[in-house]
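The block underneath contains the structure these notes are about, expressed in structure tokens.
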Amino acid sequence: MPPPSTYDMIYAIVKHIPRGRVATYGQIANLANLGGHARQVGYALNALSANTRMPWHRVINAKGEISIRKDPQCEHRQRRLLEQEGVVFDERSRITLARFGWKPRRGPRRS
DNA sequence: TTTATGGCTGTCA
DNA sequence: ATGACAGCCATAA
């Protein structure tokens with residue numbers, strides 16, 4: 001069987017993002033051995049099926065904001081999904097990565 | 001096969 | 001802190 005494709009790796013990482021937490025494209029790209037090329041991550045997510053169960057909405061850009069695609073409405077929808085998971089946006093529509101940023105690894109247990 | 005695009009990132013001012 | 005520029009690579013036509 002052939003090795004996993006780049007998209008598969010990305011999907012695997014995104015699937016592992018816990019609920020109520022968000023990860024940046026660079027974060028996923030790094031975990032996916034992409035070497036930091038976050039772009040492919042975004043494309044992979046965009047290539048997902050509409051009925052996929054992939055938590056693509058938990059993936060955001062390094063600025064902590066929701067990346068804009070072709071449809072500005074997607075931004076609104078993604079934000080809605082995140083809020084539904086408990087993620088909070090500030091006035092700038094930005095997420096506090098320090099708080100909601102997904103920390104892979106056993107992670108330092110927060111108090 | 002080549003060409004064009006694309007949900008980004010990091011650095012500089 | 002924000003704004004602007006260039007670079008990298010895989011997928012789809």
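Throughout, protein chains are lettered first and strands after them, A, B, ... in sequence-line order, and every chain is numbered starting at 1.
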Fill in: Under-3.5 Å donor-acceptor pair between A/Y43 side chain and B/dG7 base
no

Item to complete: Would you confirm whether A/Y11, through its side chain, and A/T6, through its main-chain N or O, come within 3.5 Å as a donor-acceptor pair?
Response: no

Fill in: Inter-residue atom distance A/E83.CD - A/H57.NE2, 0.5 Å rounding
12.0 Å

Worksheet item: Any side-chain N or O of A/T6 under 4.0 Å from OP1/OP2 of C/dA10?
Response: no

Discussion item. Using a heavy-atom cut-off of 4.0 Å across all strands, would you classify A/N61 as base, sugar-phosphate, or nothing?
Written reply: sugar-phosphate

Worksheet entry | Same cluster (ILVMFWY, side-chain, under 4.5 Å), A/L48 and A/M9 | no

Worksheet entry | Pair of N/O donor and acceptor under 3.5 Å linking C/dC9 base with A/R39 side chain | no

Identify all side-chain donor-acceptor contacts of residues 23-42 of chain A below 3.5 Å with residues at least two apart in sequence or on another chain.
| residue | atom | partner | partner atom | Å |
| --- | --- | --- | --- | --- |
| A/T24 | OG1 | A/Q27 | N | 3.1 |
| A/Y25 | OH | A/S67 | OG | 3.4 |
| A/R39 | NE | A/Y43 | OH | 3.4 |

Worksheet entry | Rounded distance (Å) that lies between atom P of B/dG7 and atom CH2 of A/W56 | 12 Å

Item to complete: Round to a whole Å and report the spacing from NZ of A/K63 to P of B/dC8.
Response: 8 Å

Worksheet item: Which of residues 86-98 of chain A have a heavy atom under 4.0 Å from DNA chain B?
Response: none

Fill in: Verify same cluster id: A/V59, A/I95 (apolar side-chain graph, 4.5 Å)
no

Worksheet item: Got a sec? Which of residues 23-37 of chain A come in under 4.0 Å of DNA chain B, heavy atoms?
Response: A/Y25, A/G26

Worksheet item: When you measure from every atom of DNA chain C, which of residues 9-18 of chain A have a heavy atom less than 4.0 Å away?
Response: none

Using a 3.5 Å cut-off and no angle test, enumerate the donor-acceptor pairs between side-chain atoms of residues 85-93 of chain A and protein atoms at least two apart in sequence or in another chain.
| residue | atom | partner | partner atom | Å |
| --- | --- | --- | --- | --- |
| A/E85 | OE1 | A/G20 | N | 3.2 |
| A/E85 | OE1 | A/R58 | NE | 2.7 |
| A/E85 | OE1 | A/R58 | NH2 | 2.9 |
| A/E85 | OE2 | A/R58 | NH2 | 3.0 |
| A/D90 | OD1 | A/R92 | N | 2.9 |
| A/D90 | OD1 | A/S93 | N | 3.0 |
| A/D90 | OD1 | A/R94 | N | 2.6 |
| A/S93 | OG | A/R79 | NH1 | 3.3 |

Worksheet item: Separation of A/Y7 atom OH from C/dC9 atom C1', in whole Å?
Response: 10 Å

Discussion item. Test of understanding: clusters of I, L, V, M, F, W, Y form through side-chain heavy atoms closer than 4.5 Å, transitively. Do A/I60 and A/W102 belong to the same one?
Written reply: no

Discussion item. What is the separation between atom CG on A/L48 and atom C1' on C/dA10, rounded to the nearest whole Å?
Written reply: 15 Å

Worksheet item: In whole Å, what is the span from the CD1 atom of A/I60 to the P atom of B/dG7?
Response: 16 Å

Item to complete: Any chance you could encode DNA chain B as dot-bracket? Rule is Watson-Crick or G-U wobble with both distances under 3.5 Å; [ ] for pairs crossing earlier ones, | for another strand.
Response: .|||||.||||||

Worksheet item: Hey, does the side-chain of A/Q78 have a donor or acceptor N/O within less than 3.5 Å of a partner on the base of B/dG7?
Response: yes

Worksheet entry | Option among A/L45, A/I17, A/I10 that satisfies the side-chain contact (heavy atoms from CB on, under 4.5 Å) test with A/M54 | A/L45

Practice prompt. Would you classify A/V59 as touching base, sugar-phosphate or nothing, given that sugar-phosphate means primed atoms plus P, OP1 and OP2, and contacts are heavy atoms under 4.0 Å?
Written response: base

Practice prompt. Report which part of the nucleic acid A/L45 touches: base, sugar-phosphate, or nothing (heavy-atom distance under 4.0 Å, all strands).
Written response: base

Practice prompt. Kindly determine whether A/V22 and A/L82 satisfy side-chain contact (heavy atoms from CB on, under 4.5 Å), including the steps that lead there.
Written response: CA-CA 8 Å; A/V22 295; A/L82 289 172; 3.6 Å; yes

